[in-house]
Amino acid sequence: MAKKILLLPGDGIGPEIVTQAHKILAALQDTGLDVDIRQADVGGVAYDHSGSPLPDDTLRLAQEADAVLLGAVGGYKWDDLPVADKPEKALLRLRSELQLFSNLRPAILYPQLADASTLKPEVVTGLDLMIVRELTGGIYFGQPRGIEETASGERRGFNTLVYSESEIERICRSAFSIARKRSGRVCSVDKANVLEVSILWREVANRVAGDYPDIELTHMYVDNAAMQLVKAPKQFDVIVTSNMFGDILSDTAAMLTGSIGMLPSASLAADGKGMYEPIHGSAPDMAGQDQANPLATILSVAMMLRYTLSRTDFADQIEHAVASVLDQGFRTADIYTGSGTELGTGAMGDAVLAALP
Ligand code: IPM
Ligand code: MG
């Protein structure tokens with residue numbers, strides 16, 4: 001039976017980049033990929049059309065889908081809305097409603113783009129790490145939370161950092177299974193010198209590691225991990241960490257590659273269903289100008305084929321096609337460093353299409 005894919009282009013450059021990814025999916029349909037593709041509104045554009053950043057219809061289609069491809073959400077226009085109506089809320093609700101607890105954020109340095117990194121080539125050449133970020137718990141979702149007035153009339157903001165053993169266990173298992181297909185090394189990042197949550201995190205990680213004797217598990221405090229990522233990033237293979245630490249460290253890891261426009265991500269549920277998105281944002285200043293890099297979104301389709309649709313053959317085809325356009329010297333503005341041919345969003349999508357077998 002055809003697998004169901006839902007496209008959620010969203011805001012800013014989202015529609016342009018998802019259009020390119022759609023072209024690739026359509027081409028694969030012609031060569032035997034059996035998928036049914038739908039599309040819906042999400043984020044600011046959904047708020048404008050229906051008063052909610054995640055309309056019920058969109059949520060239902062996402063629940064019915066095997067895989068969701070999301071462009072990006074957010075923009076200045078919606079910055080002053082109450083938290084519950086903000087475009088970002090749609091993303092957080094989708095993660096939570098679809099139980100996408102395991103967020104895979106690879107950071108790979110394409111050898112063709114080594115000069116795009118702000119770090120010295122010897123520090124980043126050959127970089128290939130995977131951040132496994134817990135995505136549906138921790139301080140992002142912990143209760144109680146809010147802003148309240150104290151007896152003295154001063155306001156007080158508060159959030160709750162909380163993880164249960166089962167939440168820690170499942171994200172560790174996810175990381176260990178991924179490490180098995182890589183070099184077998186996992187570094188768990190926490191703040192166990194200060195936080196009780198992290199002490200529990202470390203204990204559970206060590207216990208679960210007992211089931212994976214082939215995996216080498218190490219631990220690192222998050223402040224040191226931030227430093228090590230820019231000092232000697234190649235020491236890492238798989239990093240597993242909590243929601244907020246993963247949010248921060250994955251942006252750092254992305255910039256090691258010099259090109260946030262190149263990096264895809266996958267957010268997976270226990271049953272293998274998932275949401276796939278480029279890790280860059282909606283870049284409202286660039287929207288509608290045919291300047292955005294569609295490669296992260298196209299590579300997100302490759303991750304979708306690999307992790308949810310189990311079509312490694314097609315995933316490989318896309319990844320080879322992207323490598324081939326880089327070899328041919330094609331660059332969008334964000335990765336252009338003076339040589340090669342600069343292309344717009346649409347032309348880059350066409351170049352990938354042309355490089356498919
Ligand atoms: C990310 C983003 C989101 C997050 C925002 C947009 C809610 O920064 O996916 O990393 O903090 O998770
Ligand atoms: Mg982030």
Side-chain angles (χ1 to χ4, degrees), residues 8-14 17-18 42-47 52-54 58-59 62 68-107 129-142 145 159-161 163 167 171 174 189 222 225-226 229-230 239-257 259-269 274-287 292 296-297 299-300 303-304:
L8 298 177
D11 306 317
I13 58 173
I17 54 180
V18 170
V42 74
V45 66
Y47 177 82
S52 163
L54 183 64
T58 301
L59 178 59
V68 176
L69 181 71
L70 186 127
V73 294
Y76 312 121
K77 188 178 170 194
W78 305 284
D79 276 352
D80 295 328
L81 288 175
V83 174
D85 293 333
K86 278 193 196 294
E88 288 78 4
K89 193 71 188 178
L91 200 55
L92 296 172
R93 255 198 88 198
L94 277 168
R95 289 173 180 172
S96 169
E97 297 276 352
L98 304 179
Q99 297 179 47
L100 306 171
F101 70 92
S102 178
N103 182 214
L104 315 186
R105 298 192 163 189
L129 67 87
M130 175 73 91
I131 296 192
V132 180
R133 169 188 176 193
E134 200 291 325
L135 202 60
T136 52
I139 199 161
Y140 271 52
F141 294 95
R145 62 189 295 159
N159 289 89
T160 302
L161 172 59
Y163 271 112
E167 286 176 303
I171 193 66
S174 190
V189 171
V222 63
L229 266 178
V230 288
I239 290 177
V240 62
T241 192
S242 60
N243 205 341
M244 189 157 71
F245 294 163
D247 177 46
I248 298 165
L249 294 180
S250 62
D251 268 29
T252 308
M255 265 332 280
L256 300 174
T257 71
S259 50
I260 199 163
M262 293 294 301
L263 299 179
S265 75
S267 304
L268 301 173
M275 182 160 80
Y276 297 82
E277 51 182 313
I279 77 157
H280 59 70
S282 59
D285 291 332
M286 221 195 263
T297 316
L299 290 167
S300 297
M303 285 190 95
M304 175 191 289

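As the structure lists them, so they are numbered: ligands from 1, and atoms in each ligand from 1.
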Engineer: Compare every heavy atom of Leu135 with every heavy atom of Ser267, then report the nearest pair and how far apart it is.
Structural biologist: OG-CD2, 3.3 Å

Engineer: Using every non-hydrogen atom in the two residues, find where Leu69 and Ser300 come nearest and quote the distance to one decimal.
Structural biologist: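 Result for this residue pair: CD1-CB, 3.9 Å.
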
Engineer: Could you tell me whether atom 6 (C) of ligand 1 has a protein heavy atom closer than 4.0 Å?
Structural biologist: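 Under 4.0 Å from atom 6 (C) of ligand 1, at least one protein heavy atom found.
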
Engineer: Which heavy atom of Leu299 sits nearest to which heavy atom of Pro264, and what is that distance?
Structural biologist: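 Closest approach of Leu299 to Pro264, heavy atoms only: C-CB, 3.6 Å.
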
Engineer: May I ask you to check if ligand 1 and Arg133 share an N or O to N or O distance below 3.5 Å?
Structural biologist: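 Yes - when backbone and side-chain N and O of Arg133 are compared with those of ligand 1, one distance drops under 3.5 Å.
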
Engineer: Please state which protein non-hydrogen atom is closest to atom 10 (O) of ligand 1 and give its distance, to 0.1 Å?
Structural biologist: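 Result: Asp247 OD1, 2.9 Å.
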
Engineer: With a cutoff of 4.0 Å, is Arg95 in contact with ligand 1, counting heavy atoms of the residue only?
Structural biologist: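 Distance cut 4.0 Å: Arg95 passes for ligand 1.
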
Engineer: Look at atom 11 (O) of ligand 1 and say which protein heavy atom is nearest, naming residue and atom and giving the distance to 0.1 Å.
Structural biologist: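 Ranked first by proximity to atom 11 (O) of ligand 1 is Tyr140 OH, 2.5 Å.
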
Engineer: Asp247: which N/O/S atom is nearest the Mg ion (ligand 2)?
Structural biologist: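 For Asp247, the N, O or S atom at the smallest distance from the Mg ion (ligand 2) is OD1.
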
Engineer: Knowing that exactly one of Leu268, Leu70, Val68 qualifies, which makes a side chain to side chain contact (heavy atoms under 4.5 Å, CB included) with Tyr276?
Structural biologist: Leu268

Engineer: Could you walk me through whether Gln99 and Thr136 satisfy the side chain to side chain contact (heavy atoms under 4.5 Å, CB included) test, starting with their C-alpha distance in whole Å, then the side-chain angles of each, then the deciding distance to 0.1 Å, before giving a yes or no?
Structural biologist: CA-CA 7 Å; Gln99 297 179 47; Thr136 52; 5.5 Å; no

Engineer: Non-hydrogen atoms of Arg105 versus ligand 1: any pair closer than 4.0 Å?
Structural biologist: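 So Arg105 counts as touching ligand 1.
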
Engineer: Please find the pair of heavy atoms, one from Pro53 and one from Ala90, that lie closest to each other, and give the distance.
Structural biologist: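 What the structure gives for the nearest pair is O-CB, 3.3 Å.
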
